[in-house]
Amino acid sequence: MVNLIKQPLFLKDTRRPAIKSATSFLKQNIKNNKRKAVAQFSHVDNSLKNSLKQANFVAHWVPSVFSNLVGSFYEKAETVQEFWKVIKQCNRVVDYSANKRAFTGKQEIEIGTKAFKEFAMKVKSRVKMHKGPFAYFNGIVNKLMNEFYFDEEFMHSFN
């Protein structure tokens with residue numbers, strides 16, 4: 001018996017073998033090109049990285065007087081900046097409507113240098129700093145700012 005019923009075209013088995021492309025070869029070629037490019041400029045990158053590691057740049061917002069003082073004890077720029085952030089945080093706002101702080105920039109530098117000199121003496125005398133050096137420095141700065149805020153001679157000396 002012959003099958004007289006015709007099947008529609010879309011039901012016919014039209015499987016074809018998949019066409020394989022050379023994608024793995026192309027990917028490998030791209031990787032090899034990247035490796036060659038990295039190898040070609042690696043000596044330039046290494047010398048630049050080494051020179052930048054040796055250089056010690058401090059952010060522009062840290063006063064040079066303070067960064068020179070702290071830089072003689074700590075060589076990392078992040079540490080110098082963190083000590084200055086402590087001083088900026090301790091300088092409280094006294095008038096929120098005008099965004100006026102208790103101390104001017106020159107007064108902050110004066111307080112910061114005095115506080116760091118005291119901090120350096122404490123470090124050299126091996127005082128235990130239970131919560132860390134920045135917390136200890138924060139306490140010194142707060143104490144000095146409280147003293148100087150009520151000292152009329154200090155408050156009017158920088159005007």
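Fair warning: this is a prediction, and the values are worked out from it, not measured in the lab.
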Exercise. List the steps and the verdict of side-chain contact (heavy atoms from CB on, under 4.5 Å) for V94 and F103.
Key: CA-CA 9 Å; V94 287; F103 300 99; over 6 Å; no
Quiz prompt | Hydrophobic cluster of V93, others only, ordered by chain and residue number, side-chain cut-off 4.5 Å | solution = Y96
Exercise. For residues N142 and R92, determine if any side-chain heavy atom of one lies less than 4.5 Å from a side-chain heavy atom of the other.
Key: yes
Exercise. For side-chain contact (heavy atoms from CB on, under 4.5 Å), just list the numbers for V127 and Y136, CA-CA rounded to whole Å, side-chain angles, deciding distance to a tenth of an Å, and then say yes or no.
Key: CA-CA 10 Å; V127 170; Y136 197 84; 3.6 Å; yes
Quiz item: Are T79 and E82 close enough, and set up right, to give a side-chain contact (heavy atoms from CB on, under 4.5 Å), and what steps lead you there?
Solution: CA-CA 5 Å; T79 309; E82 200 62 36; 5.6 Å; no
Practice problem: Show the numbers, then the answer: is there a salt bridge (Lys or Arg N to Asp or Glu O under 4.0 Å) between E110 and K114? | Solution: CA-CA 6 Å; E110 183 70 25; K114 285 183 181 185; 3.8 Å; yes
Exercise. Working to the nearest 0.5 Å, report the span between CG of N91 and CD of Q107.
Key: 8.5 Å
Quiz item: Nearest heavy-atom pair of A120 and F73: which atoms, and what distance?
Solution: CB-CZ, 3.8 Å
Quiz item: Going from CZ on F66 to CZ on F83, what distance comes out if it is rounded to the nearest 0.5 angstrom?
Solution: 7.5 Å
Quiz prompt | Nearest-0.5 Å distance, CZ of residue F134 to CE of residue M129 | solution = 11.0 Å
Self-check item: Nearest-0.5 Å distance, NZ of residue K88 to CD of residue Q81
Solution: 14.0 Å
Exercise. Enter the distance from K143:NZ to F148:CZ here, rounded to the nearest 0.5 Å.
Key: 9.5 Å
Quiz item: About how many Å separate CD1 of I87 and CG of N138, when rounded to the nearest 0.5 Å?
Solution: 10.0 Å
Quiz prompt | Ring center gap for F116 and F119 short of 6.0 angstrom | solution = yes
Self-check item: Connected via hydrophobic side-chain network under 4.5 Å: M121 and I140
Solution: no
Exercise. Locate the shortest heavy-atom distance separating Y149 from M155; write the atom from each residue and the value.
Key: O-CG, 3.7 Å
